[in-house]
Amino acid sequence: MDALALEAKGAKSESAAAPAPPKPRPKPPQKAKRIVYFEVEILDVKTREKLLLLDKVEPTATILDIKSLFHKSNPHWYPARQSLCLDPKGKPLRDEEILQELPVGTTATFYFRDLGAQIAWGTVFLIECIGPLVIYLLFYFRLPLIYAPKYEFTASKHLVVHIACVCHSFHYMKRILETLFVHRFSHGTMPFRNIFKICSYYWCSAAWMAYYINHPLYTPPYYGEKQVKAALGIFLFCQLGSFSIHVALRNLKLPGCKTKKIPYPTKNPFTWIFALVSCPNYTYEMGSWLGFTLMTQCVPVLFFTVVGFIQMTVWAKGKHRSYLKEFKQYPTLRSPILPFIL
């Protein structure tokens, strides 16, 4: 027992005499990354006059940030009114482009162009649609000074005239509601001066159509009720299709996000046309006006439909080219506006 006690005591003294392990050295503090700030110079695109020199602009600043800084020193040039480019004859830079990703050095020179007074696209759509809606009803109710005095505030005896009024009003009411609750505009504004050109086209076309459709001497379509019913079916089908496409396109974009995506068919059968067409919203819009043309059998409506189809074809081809350029895997089977044709 004494030997065991002495051995344990010796082991205890040896462990007490053992040196303590060295403490780990603290890691040296990491050096903060050096931020390279940019110097931004903004020149007038015409006169080359220096409008502003911004010092210590962060490399992660976007073009919209630079426009906002420019706006602070020039309050009358708000961001939507500004166009900035790297070359006097170059393309305007997008608001979401980042300064450090542009082909510039630490001293960046931008050329400024005044786009003029701007107006929101949502406002343009509302003005564009409210006008035809109201103007058509003025002719439908035959207000004074439109037709002969004996026809003032009289109603047409033809059922197709009343159906046409409901369809025309429904179309523009649908567009107004879509503008308020469905559409998300990729471009926030447009030049204010363009609204006069746009509104004059839509408003005058509505007056021209309404004058003849609601005229006391208007004659119904050649094939009568069968033609009206068939045309009404086409109109309603395309209106539902147009609404479905607008909802599908809206769901592609999150609020405030400008990232583009390829639209594909959804569970809604009206969107299956996406498999064959890049811009089915224009396809359905054209179909709606084609149905309205067959319903009314009116030359001004036919003229409006043809002109609208030409314009929508131009827009659809541009959108189709944009899709092909931006997405390498874009479906090759799709046509711009008419499947396999155009």
Side-chain angles (χ1 to χ4, degrees), residues 59-67 79-80 83-87 89-104 120-122 124-125 174-175 178-179 181-190 237-290 308-342:
T60 55
T62 63
I63 296 299
L64 182 59
D65 294 332
I66 295 172
K67 287 181 178 181
S83 172
L84 297 178
C85 51
L86 295 174
D87 185 84
K89 296 181 180 179
K91 293 183 178 180
L93 296 168
R94 300 189 307 275
D95 286 348
E96 60 270 19
E97 293 191 69
I98 299 173
L99 182 58
Q100 65 182 358
E101 296 177 0
L102 297 175
V104 296
W121 266 108
V124 173
F125 269 55
K174 169 184 155 298
R175 289 188 60 179
E178 286 177 342
T179 301
F181 303 108
V182 177
H183 290 318
R184 286 178 180 151
F185 300 98
S186 55
H187 299 286
T189 63
M190 62 165 276
F237 178 85
C238 290
Q239 286 290 286
L240 287 172
S242 173
F243 175 74
S244 300
I245 296 300
H246 289 156
V247 172
L249 291 174
R250 178 186 184 275
N251 292 337
L252 280 181
K253 297 180 182 179
L254 296 174
C257 179
K258 293 189 177 181
T259 304
K260 293 183 180 179
K261 299 179 182 178
I262 300 176
Y264 286 104
T266 66
K267 294 180 180 180
N268 185 342
F270 286 103
T271 66
W272 293 353
I273 193 175
F274 267 127
L276 302 174
V277 171
S278 293
C279 302
N281 49 324
Y282 296 143
T283 309
Y284 281 124
E285 182 74 7
M286 182 201 67
S288 295
W289 285 107
L290 179 62
F309 173 66
I310 294 171
Q311 180 61 71
M312 285 186 286
T313 300
V314 173
W315 291 336
K317 285 184 174 181
K319 188 70 173 178
H320 184 71
R321 284 193 299 268
S322 176
Y323 280 139
L324 291 173
K325 184 178 179 180
E326 191 163 354
F327 303 106
K328 294 181 180 179
Q329 304 300 324
Y330 191 73
T332 56
L333 188 62
R334 295 186 186 182
S335 301
I337 189 169
L338 295 179
F340 311 112
I341 300 174
L342 188 62

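Position 1 is the first residue of the sequence; numbering continues from there.
The CD atom of Gln239 lies 11.0 Å from the CZ atom of Phe243; values are rounded to the nearest 0.5 Å. Between Ile63 atom CD1 and Leu93 atom CG the span is 4.5 Å, to the nearest 0.5 Å. Within the model, atoms CD1 of Ile337 and CH2 of Trp315 stand 10.5 Å from one another, a figure rounded to the nearest 0.5 Å. Note that the NZ atom of Lys91 and the SG atom of Cys85 stand 12.5 Å from one another [nearest 0.5 Å]. Rounded to the nearest 0.5 angstrom, Phe274 CZ and Ile262 CD1 are separated by 11.5 Å.
Other residues, nucleotides and ligands contribute only 12 or fewer heavy atoms inside 6.0 Å of the NZ atom of Lys317. By the 6.0 Å contact criterion, CZ on Phe270 is enclosed, its count of non-hydrogen atoms from other residues, nucleotides or ligands being greater than 12.
For Ile341, the side-chain contact (heavy atoms from CB on, under 4.5 Å) partners at least two apart in sequence or on another chain are Leu338. Applying the side chain to side chain donor-acceptor pair (under 3.5 Å) criterion to Arg250, with sequence neighbours excluded, gives no partner residue. Shown here are the side chain to side chain donor-acceptor pair (under 3.5 Å) partners of Lys67, two or more places apart in sequence or in another chain: Asp95. Remark: Thr313 engages no residue in a side chain to side chain donor-acceptor pair (under 3.5 Å) (not counting sequence neighbours). By the side chain to side chain donor-acceptor pair (under 3.5 Å) test, Asn268 pairs with Ser244, sequence neighbours left out.
Between Thr60 and Gln100 there is a side-chain heavy-atom pair separated by less than 4.5 Å. Under the 4.5 Å side-chain criterion, counting only non-hydrogen atoms from C-beta, His246 is not in contact with Arg175. Using a 4.5 Å cut-off on side-chain heavy atoms (C-beta onward), Phe309 and Leu290 make no contact. The shortest side-chain heavy-atom distance between Arg334 and Pro263 falls under the 4.5 Å cut-off.
Residue pairs meeting the side chain to side chain donor-acceptor pair (under 3.5 Å) criterion with at least one member in residues 270-282, sequence neighbours excluded, are Thr266-Thr271, Ser278-His320, Ser278-Tyr330.
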